[in-house]
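Please read all numbers here as calculations on a predicted model, not as lab measurements. Each chain gets a letter, A, B and so on, in the order its sequence line appears, and its residues count up from 1.
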Amino acid sequence: MALALPIRTRFAPSPTGYLHIGGLRTALYSYLLAKQNNGQFILRLEDTDLKRQVEDAAEAIYSGLKWAGLNYDEGPDVGGSFEPYIQSQRLEIYRERADKLVKNGNAYYCFCDETTLEQMRQEQIAKKQAPKYDRRCLKLSKDEIQTRLKNNEPHTIRMKIPDNRVIEVNDLVRGKVTYNTNELDDQVLLKSDGYPTYHLAVVVDDHLMEISHVTRTEEWLPSTPKHILLYEYFGWTPPQWAHLPLLLNPDKSKMSKRKGDVAVEDYIKKGYLPEAMINFLAFLGWNPGSEKEIYSMEELLKDFSLEKVHKAGAIFNIEKLNWYNQYYIKQVPLEELAKLCIPYMQGSGLIEKFPISNFQFPNKFQIPNSKKEVDFDWLKKIVALEQERMKYLSEIGESTKFFFHTTEYDKNLLIWKDSPEEEIKNVLQKLLEILEKISQDSFTKEKLQELIMPEAEKFENRGLMLWPFRAALSGQKASPGPFEIAEILGKEETIEKVKKAIEKLQISPNPSSYQVRGRL
RNA sequence: GGCCCCUUCGUCUAGCGGUUAGGACACCACGCUUUCAAUGUGGUAACAGGGGUUCGACUCCCCUAGGGGCUACCA
């Protein structure tokens with residue numbers, strides 16, 4: 001085996017304003033490859049398209065990677081010995097390299113403007129030819145080039161692709177792929193605005209930054225022969241390539257913004273845990289070959305290997321992500337989970353926001369539009385009830401709102417199966433009597449259960465009492481059980497809610513709901 | 001259109017010449033159960049098609065079909 005060079009990988013997104021979920025997986029694989037070999041993982045921003053500049057776009061990338069635990073050793077915001085890591089700050093470097101290629105005859109000036117090129121393309125398409133630059137500027141005389149340059153005519157620098165050569169790409173996941181240079185276009189390397197295209201910049205930077213393994217998605221495979229040629233022109237040793245399968249929409253098209261949530265930020269907002277996201281993403285295109293499905297980052301570092309990466313694209317299946325997330329939510333210690341839930345409770349208006357500058361975690365939380373104040377332990381109890389029900393953290397607002405506010409519900413919700421309203425009312429009356437006898441001090445789940453269950457058992461089906469009880473407290477079709485809710489609510493509020501339910505049943509039935517109930 | 005890549009249950013996948021084609025998600029049924037969730041048990045469900053090679057093909061080769069990517073002074 002050859003002496004192994006230090007492994008350096010990079011994640012090189014273009015800052016578009018958000019971190020793409022597919023980008024995160026690419027970053028993950030790159031990170032794993034570097035870190036499992038004691039190598040370095042680098043972040044580089046490829047902002048070479050002026051038309052797509054987005055203000056503060058880098059921030060989403062930094063924070064998304066950090067959220068996922070993909071800490072980079074070098075990058076724009078952390079520095080490193082190959083600075084700068086932002087391509088728009090390296091323009092001189094690319095210009096210099098491009099000039100060198102022109103000097104060596106591997107590239108040439110092109111003065112064609114966009115309309116000329118577009119016209120050319122249209123004509124070629126009309127003639128059913130493959131659109132390709134016709135090299136008209138390659139035929140320009142030295143003198144003409146000189147005068148046009150002197151006149152400051154806008155121009156680009158194009159790569160000169162050799163005729164009829166077979167270029168072999170040796171890809172770590174795809175094996176050997178060959179291309180004939182006749183199919184390649186004379187790629188623009190330096191644009192007329194002085195910015196490099198991806199192709200120039202990526203080759204120059206990967207070389208200068210001593211990247212050993214280029215991991216990127218499959219869409220780049222067709223341009224790899226151009227990159228190989230550039231390495232050759234420069235006299236550099238190319239890196240190893242690994243072209244990863246694409247992440248697909250359910251309709252099998254490349255995942256895009258138009259077809260659903262594609263920004264990591266969206267998933268954070270929804271309340272996905274980084275552990276779940278990493279585990280899920282890792283398995284989209286790779287698996288250990290065993291039946292183990294739960295993987296922490298440490299375990300991934302141990303078992304991940306490029307050889308086991310798939311070739312076919314993988315559909316981003318949100319159901320599976322949900323399952324992973326639910327699994328990981330159940331693993332989080334309650335104290336921590338409750339803390340994680342607080343921003344979501346604030347976001348949905350369950351509790352007041354507190355100043356972010358407050359480093360101190362508050363002891364008391366205000367409930368909006370109410371004088372009520374609750375403490376962290378109380379919130380923790382609520383979170384405990386939801387822990388095994390939540391698919392993602394943002395559900396907490398909807399599923400627990402009845403603990404915080406009085407909520408409206410249809411009185412039919414109180415009806416157990418086909419029981420007459422009158423009977424439900426009596427049951428709730430009976431329940432009320434029991435509740436009133438319990439002191440606030442012993443208003444616990446256990447005590448309530450001890451006193452109420454025997455009463456409920458007297459009915460043919462205990463649901464006759466337990467259902468209306470639960471419905472009265474939650475006002476929801478689905479919720480935790482009545483005893484758990486009652487304990488958290490406390491005696492006063494529990495009784496208030498039961499009374500309210502009884503009142504509902506006393507109001508004369510409104511005709512429409514009567515019909516909805518149906519006599520069928 | 002041209003070039004390239006890909007193809008096992010609906011989805012993520014195991015399989016690397018001989019398996020009752022395995023697992024997970026989802027789905028369905030049953031159990032537990034006041035609802036939901038969780039959980040337990042069981043179930044439905046796949047080798048794109050056609051040729052070869054071979055004693056034997058999901059596995060190797062070829063063709064076809066289907067899907068995807070690229071084909072910009074975007075990445």
Side-chain angles (χ1 to χ4, degrees), chain A residues 12-16 46-52 110 112-114 117-118 121 124-125 127-133 154-158 169 171 174 177-180 182-185 187-199 201-202 216-225 243 245-246 248 250-254 280 283-294 310-324 326 330 385-391 399 413 416-417 456 461-471 474 476-483:
Chain A
S14 63
T16 51
E46 312 221 322
D47 56 340
T48 56
D49 187 3
L50 274 174
K51 290 180 223 100
R52 294 210 301 195
C110 173
C112 299
D113 62 19
E114 304 225 35
L117 293 170
E118 185 52 33
R121 249 193 302 277
Q124 287 165 333
I125 290 167
K127 281 190 247 170
K128 298 207 180 215
Q129 293 170 345
K132 213 172 148 187
Y133 183 59
H155 63 274
T156 62
I157 291 178
R158 277 184 192 273
V169 181
D171 190 89
R174 265 146 232 285
V177 183
T178 58
Y179 292 89
N180 190 300
N182 291 347
E183 290 138 18
L184 267 35
D185 203 358
Q187 181 68 53
V188 169
L189 296 176
L190 201 72
K191 305 183 228 180
S192 56
D193 61 9
Y195 277 66
T197 58
Y198 171 82
H199 308 282
V202 79
R216 37 145 76 144
T217 38
E218 197 192 341
E219 56 197 323
W220 294 110
L221 191 55
S223 47
T224 308
H243 286 94
L246 248 15
L248 271 25
D251 70 358
K252 291 183 190 272
S253 60
K254 188 164 96 172
F280 170 66
F283 273 68
L284 247 32
W286 170 86
N287 83 86
S290 70
E291 280 174 4
K292 184 172 159 66
E293 310 259 357
I294 299 297
H310 266 232
K311 294 177 182 163
I315 293 175
F316 187 92
N317 180 209
I318 196 91
E319 295 288 349
K320 188 95 176 219
L321 209 213
N322 287 342
W323 176 80
Y324 271 118
Q326 191 162 27
K330 282 189 277 182
L385 289 187
E386 290 302 314
Q387 185 159 20
E388 17 178 73
R389 284 165 231 269
M390 277 190 287
K391 281 197 169 77
S399 58
L413 187 70
W416 165 253
K417 305 240 162 116
N461 192 318
R462 54 197 187 186
L464 186 62
M465 178 173 267
L466 298 176
W467 171 274
F469 187 19
R470 193 194 59 76
S474 70
Q476 292 179 179
K477 270 196 301 216
S479 78
F483 305 118

Problem set entry | Span that lies between the P atom of B:C60 and that of B:G43, in whole angstrom | 31 Å
Problem set entry | Partners meeting side-chain hydrogen bond (donor to acceptor under 3.5 Å, both in side chains) with A:D185 (sequence neighbours left out) | none
For this session: For B:C30, give its Watson-Crick or G-U wobble partner with both distances under 3.5 Å, or none.
Result: B:G40
Filtered N/O pairs between nucleotides 43-47 of chain B and protein, under 3.5 Å:
none

For this session: Identify which nucleotide among B:C73, B:A14, B:A38 has an atom closest to any side-chain atom of A:H310, counting heavy atoms from C-beta outward.
Result: B:A14
For this session: Quote, to the nearest angstrom, the P distance that separates B:C62 from B:C47.
Result: 23 Å
Seminar exercise, completed: Contact string for nucleotides 24-35 of chain B, one letter per nucleotide 5' to 3', B = base within protein heavy-atom range under 4.0 Å, S = sugar-phosphate only, - = neither, reads BSS------SBB
For this session: Name the nucleic acid region contacted by A:S223, choosing base, sugar-phosphate or nothing; use a 4.0 angstrom heavy-atom cut-off, strictly under.
Result: nothing
Problem set entry | Listed partners of A:Q476 passing side chain to side chain contact (heavy atoms under 4.5 Å, CB included), at least two apart | A:K401, A:F402, A:S474, A:S479
For this session: Summarise protein proximity over nucleotides 2-7 of chain B in one line of letters, 5' to 3': B for base, S for sugar-phosphate only, - for none, counting protein heavy atoms closer than 4.0 Å.
Result: -SSBSS
For this session: Give the B/S/- string for nucleotides 59-66 of chain B, one per nucleotide from 5' to 3', where a protein heavy atom under 4.0 Å of the base yields B, of only the sugar-phosphate yields S, and otherwise -.
Result: --------
Exercise. Take atom NZ in A:K292; do more than 12 heavy atoms of anything else shown fall under 6.0 Å from it?
Worked result: yes
